[in-house]
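This report concerns only the one structure given below.
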Amino acid sequence: MIQETFDGLWMNLGVDRFMQMTPARYLPGIGLRPGGERQDIEALVPILYSAMYESIAAHSRLGLNVVVDVGHHDAYATERGILADSARRLKGLPVLFVGVYCPIEIVMERRQNTGWNVGSTSDSPIPHPVQLWQREVHIPGIYDLEVDTSLLSPGACAEVIRKHLADSPTPSAFQRLATHYT
């Protein structure tokens with residue numbers, strides 16, 4: 001909705017785009033969930049995030065607006081410091097860190113209805129790694145702004161973000177993270 005309704009060119013460089021580029025044997029790649037899902041590829045995940053954030057930074061430095069849909073966590077078998085590294089890569093660039101919340105049951109239902117065909121069904125409980133992911137990506141206080149897609153339409157979420165961008169001259173939580181970890 002941001003791409004369709006905001007002024008200017010907005011590029012989508014989210015996790016889904018990067019997962020589409022990732023060879024099948026390295027999936028879920030950036031989408032790796034907490035709890036040791038694929039320890040054989042965990043060492044590659046920080047590299048994949050670094051590549052994604054370098055691309056985001058390059059687009060921003062060229063004056064393009066960027067929308068990124070990605071859930072950050074550091075609940076791997078070994079701590080990877082991905083959020084801090086990502087923040088450092090965007091240091092000095094205009095960033096609004098938006099937490100997109102939706103109850104896990106609704107997320108799983110939506111995922112079941114997508115091309116991913118992954119989600120909960122009436123006879124399948126929510127997998128433990130997905131529960132961990134939901135908890136890890138919604139740690140309170142990390143986001144500049146939070147929206148709940150179970151309560152707001154995509155257009156309403158975009159309006160909340162638009163209003164925040166217009167009203168908020170303060171540094172982003174992501175920028176504060178970048179400064180903290182530098």
Side-chain angles (χ1 to χ4, degrees), residues 1-20 28-35 37 45 49 52-53 56 59-60 65-76 82-84 86-87 90 93-122 124-178 180:
M1 190 57 65
I2 289 170
Q3 286 182 293
E4 294 174 21
T5 62
F6 281 26
D7 291 337
L9 176 60
W10 288 79
M11 304 297 291
N12 182 337
L13 299 177
V15 68
D16 291 346
R17 302 279 190 244
F18 279 81
M19 286 180 68
Q20 290 169 348
I30 291 175
L32 194 66
R33 293 183 298 245
E37 181 182 28
V45 173
Y49 269 104
M52 182 173 76
Y53 275 89
I56 293 164
H59 280 75
S60 181
N65 298 301
V66 182
V67 174
V68 180
D69 176 14
V70 62
H72 285 281
H73 68 84
D74 204 14
Y76 301 102
I82 292 170
L83 182 58
S86 298
L90 298 181
L93 297 171
V95 175
L96 175 64
F97 201 30
V98 179
V100 179
Y101 176 77
C102 185
I104 191 65
E105 297 78 16
I106 294 172
V107 170
M108 297 306 286
E109 181 181 315
R110 289 176 181 170
R111 288 185 74 187
Q112 185 66 29
N113 297 326
T114 67
W116 290 25
N117 200 28
V118 175
S120 57
T121 62
S122 57
S124 171
I126 298 167
H128 184 65
V130 175
Q131 292 173 10
L132 286 173
W133 177 85
Q134 181 81 348
R135 184 186 73 221
E136 292 292 326
V137 301
H138 293 292
I139 295 171
I142 196 168
Y143 300 106
D144 300 310
L145 175 68
E146 294 188 40
V147 295
D148 186 334
T149 64
S150 70
L151 301 174
L152 299 173
S153 69
C157 289
E159 266 314 304
V160 169
I161 294 167
R162 182 190 324 269
K163 182 169 177 12
H164 185 87
L165 286 170
D167 296 346
S168 181
T170 59
S172 156
F174 218 57
Q175 294 303 329
R176 290 189 301 274
L177 275 172
H180 176 73

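Count residues from 1 along the sequence.
In this structure, the separation between CE on M11 and CD1 on I56 is 12.0 Å, given to the nearest 0.5 Å. For the atom pair E109 CD and S150 OG, the distance stands at 11.5 Å (nearest 0.5 Å). Rounding to the nearest 0.5 Å gives a distance of 11.0 Å between CD of Q134 and CD of E136. Atoms CG and OH, on L152 and Y101 in that order, are 13.0 Å from each other to the nearest 0.5 Å. Residue D69 holds its CG atom at 10.0 Å from CD1 of I2, rounded to the nearest 0.5 Å. Taken from OG in S86 to OH in Y49, the straight-line distance is 7.5 Å, to the nearest 0.5 Å.
Listed here is the closest heavy atom pair of V45 and I82: CG1-CD1, 3.7 Å. The two atoms that bring D148 and C102 nearest to each other are OD1-CA, 3.9 Å, heavy atoms only. For the pair F18 and L13, the tightest heavy-atom approach, listed with the atom from each and the gap, is CE1-O, 3.5 Å. Closest heavy-atom contact between T5 and R162: OG1-NH2, 3.4 Å. When all heavy atoms are compared, the tightest approach of A158 to F6 is O-CZ, 3.4 Å. Contact record, G31 with V15: N-CG2, 4.2 Å, taken as the closest heavy-atom pair.
With sequence neighbours left out, Y76 forms a ring-ring contact (aromatic ring centres under 6.0 Å, His included) with H73.
Counting heavy atoms from C-beta outward, C157 and T149 have side chains that approach closer than 4.5 Å. Residues F97 and L90 fail the side-chain proximity criterion, which asks for heavy atoms closer than 4.5 Å. Within the 4.5 Å cutoff, the side chain of I161 has heavy atoms near those of the L145 side chain. For the pair P127 and M108, the minimum side-chain heavy-atom distance is below 4.5 Å.
Under the 30°/60° scheme for interplanar angles, the aromatic rings of Y143 and H138 are found to be tilted.
In terms of modelled atom types and a separation under 3.5 Å, the side chain of E146 and the main chain of G99 share no donor-acceptor contact. Side chain of D144 to main chain of V98: no donor-acceptor pair is present (N/O by atom type, distance under 3.5 Å, no hydrogens or angles). Judged by distance alone, the side chain of Q131 and the main-chain N or O of I126 form a donor-acceptor pair under 3.5 Å.
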